[in-house]
Amino acid sequence: MAIVSQVIGIDIGSVGAKGVLFDGSIAASAIVPTGWDMKETSRSLLSSLAGGKDVTALPLVATGYGRNAVEGARRTMTEITCHARGVRFLHGEARTVLDIGGQDSKVIGLDRSGKVVDFAMNDRCAAGTGRFLQMMAHRLDYSLDDVKALSCDGEVQPLTSMCAVFAETEVVAHIARGVPREALLRGILRAIAARAAAMVTKTGLTEPLFFSGGLSRIGSLATLIGRELKTEVAVHGRSPLAGAIGAALIAWEER
Amino acid sequence: MGPIAAIVDEVRRHRDDGILQIKEAHEKGIPIVGTYCGYMPWEIIDAAGAIAVSLCAKSDEAIPAAEEHLPRNLCPLVKSSYGHALRGSCPYFHFCDLIVAETTCDGKKKMYELLDRIKPVHLVQIPQRQDRPEDLALMKSEFNRVCRRLETLTGRPVTDEALAASVALRNRERRGLRALWDLSRRDNPPLTGWEVQEITDYIQYHFDKKQALVWLEGVTETLRQTEPERDLSAKPRVLVTGCPIGGVMKTLKTLEESGALVVCFENCGGQKEPLKAVDEAKDVMGALAEKYLTIGCSVMSPNPHRMEALERLIDEYDVDGVVEIVLTACHTYAIESHSIRERVQSLGKRYLAVGTDYSPGDREQLATRMGAFVEML
Ligand code: SF4
Ligand code: SF4
């Protein structure tokens with residue numbers, strides 16, 4: 001048998017699809033939006049990873065919500081397992097993972113060796129997810145860069161509802177009353193942080209805590225979560241790729 | 001077809017026999033008594049000369065009808081049961097002469113007030129504690145009231161002799177079911193959890209008890225002596241606990257499709273009621289009250305019997321992980337799941353709580369949770 005020197009991990013999430021070409025380290029990576037046709041999404045992901053070469057023979061493990069739509073996958077694994085593996089690749093000591101993505105959020109508990117021992121997921125309502133923040137920021141006429149640039153210290157207008165629909169009504173009412181936009185945005189971020197912290201506490205926090213997913217790019221949110229939980233919060237620029245990295249690691253081991 | 005497949009096939013072909021049996025019994029003038037809960041004494045209904053039938057509804061199609069009277073944010077089991085009664089779409093309910101219901105959870109208890117407008121309901125006051133003399137005294141006096149109520153329905157007295165005979169029969173069923181379930185204690189069980197549920201359901205909806213038990217005992221013996229056609233020994237072994245799963249069989253299906261083998265059901269429909277038999281050496285009404293009072297349901301506070309049963313079953317069935325099914329808006333099981341999680345994890349076993357309802361909309365989410373859980377084992 002030929003020695004396999006490269007493998008692929010693919011993570012089809014509900015918002016974005018990610019792929020990693022792995023050869024012992026990350027040789028290439030790609031992120032594309034998840035379209036209507038997940039088969040098509042995975043094909044375009046593969047071709048951007050391949051960079052013109054033929055990768056169809058490489059071992060491939062698929063994960064994420066669209067994992068069963070990926071053609072040619074040797075096996076599929078859930079995003080919980082793959083995400084955990086990927087996080088440990090990025091941060092070798094992580095024991096608790098908080099992941100907030102576009103549509104869902106999850107907490108994963110790991111043992112010393114990195115094995116998943118517990119997890120909790122919210123994938124049924126938008127409350128506290130990237131989607132929620134996007135809706136609220138849009139109401140306030142803020143871009144993602146504006147949100148990232150916000151300092152978490154300053155005037156805060158607390159938000160009482162975390163239901164995306166009610167929260168939007170509340171935000172509109174505050175705008176009408178003339179509450180400053182920054183104060184509202186801080187209130188929104190605090191509400192997301194409080195919810196995330198509660199989810200972590202419920203599953204059980206073992207340090208160190210690693211924060212991943214799209215929302216981990218917002219520094220002030222990571223700070224607020226750390227304050228709520230009274231702990232350091234580790235983040236990593238490549239954490240959106242964690243699921244795909246984990247899938248690739250599994251393919252690598254089984255190659 | 002091998003013997004195991006043949007048994008499962010036979011059960012599938014006879015799935016609806018129970019409805020015909022109830023219809024025939026009704027036509028012969030035998031009173032039919034509906035129940036909704038494990039705390040209801042089957043023996044008293046049987047000894048009175050009536051047929052007891054469990055009415056807990058399992059489908060979501062009657063829920064919209066129920067929501068015309070009931071709040072949306074209510075347990076689907078309660079809504080579905082009421083909806084079927086309201087629409088007349090449950091054949092078992094249709095043939096019932098009386099409902100013997102109970103004060104367990106708030107949802108059911110208040111739903112029964114409305115149900116009473118459709119069919120006569122006799123409400124049994126179940127104590128909320130199990131350990132004091134007055135709890136047992138209440139259970140006993142309530143069971144006596146059930147006897148009197150049934151006597152007026154059937155026109156014949158509930159004698160101690162008849163009760164003793166019913167107790168013996170029901171104990172035989174408890175032993176029979178547990179012997180079948182015990183086959184899953186093996187390293188390579190003959191049946192999947194899904195198949196165990198099918199056979200169990202068949203027995204519980206077969207109203208010629210003696211005939212059903214002869215069949216069950218024969219089948220268990222066959223399974224005991226047959227070399228299994230499949231090798232299930234490498235699968236992670238899971239115990240299911242929590243709310244009744246009759247209406248959310250999708251959870252069991254997804255769990256086993258994800259690679260687990262369910263070797264034990266602690267919930268209602270599984271071990272919860274049959275785990276302990278009625279003591280045949282004692283005064284029969286006292287023994288009945290005592291047995292039923294010790295059922296470990298989350299409506300009790302405190303609820304030590306569930307913890308004890310869980311610990312015992314986790315050990316006996318050599319379980320790797322526990323999955324708790326919590327129906328939407330079932331507060332008692334949802335709250336208790338916190339202590340169950342702690343206890344299960346303290347035993348070094350993995351634990352997953354899954355919230356769900358009767359609608360098919362959460363298949364993907366279930367597949368991810370169950371799949372991740374199985375990958376964890
Ligand atoms: S779970 Fe509790 S309330 Fe529900 S049927 Fe069983 S014993 Fe009765
Ligand atoms: S599942 Fe819970 S809420 Fe539903 S009937 Fe049973 S005890 Fe009541």
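Order of the sequence lines fixes the chain letters, A, B, ..., with proteins taken first and strands second; residue numbering starts at 1 for each chain.
The choice from A:V117, A:I80, A:V116 that makes the most heavy-atom pairs within less than 4.5 Å of chain B is A:V117. When the candidates B:E364, B:H338, B:R341 are compared by the number of heavy-atom contacts under 4.5 Å with chain A, B:R341 comes out ahead. Note: A:T78 leads A:T76, A:T78, A:T81 in heavy-atom pairs under 4.5 Å with chain B.
Distance OG1/B:T332 to CD/B:Q128: 10.0 Å, rounded to 0.5 Å.
Ion pair B:D320/B:R237 not flagged as a salt bridge, since none of the NZ, NE, NH1 or NH2 atoms sits closer than 4.0 Å to an Asp/Glu carboxylate oxygen.
Contact of B:R369 with chain A is made through backbone and side chain together, with heavy-atom distances under 4.5 Å.
When the shell of 6.0 Å around CD of A:Q134 is examined, it contains 12 or fewer heavy atoms from other residues, nucleotides or ligands.
A:F22 and A:F89 have their aromatic ring centers within a separation under 6.0 angstrom.
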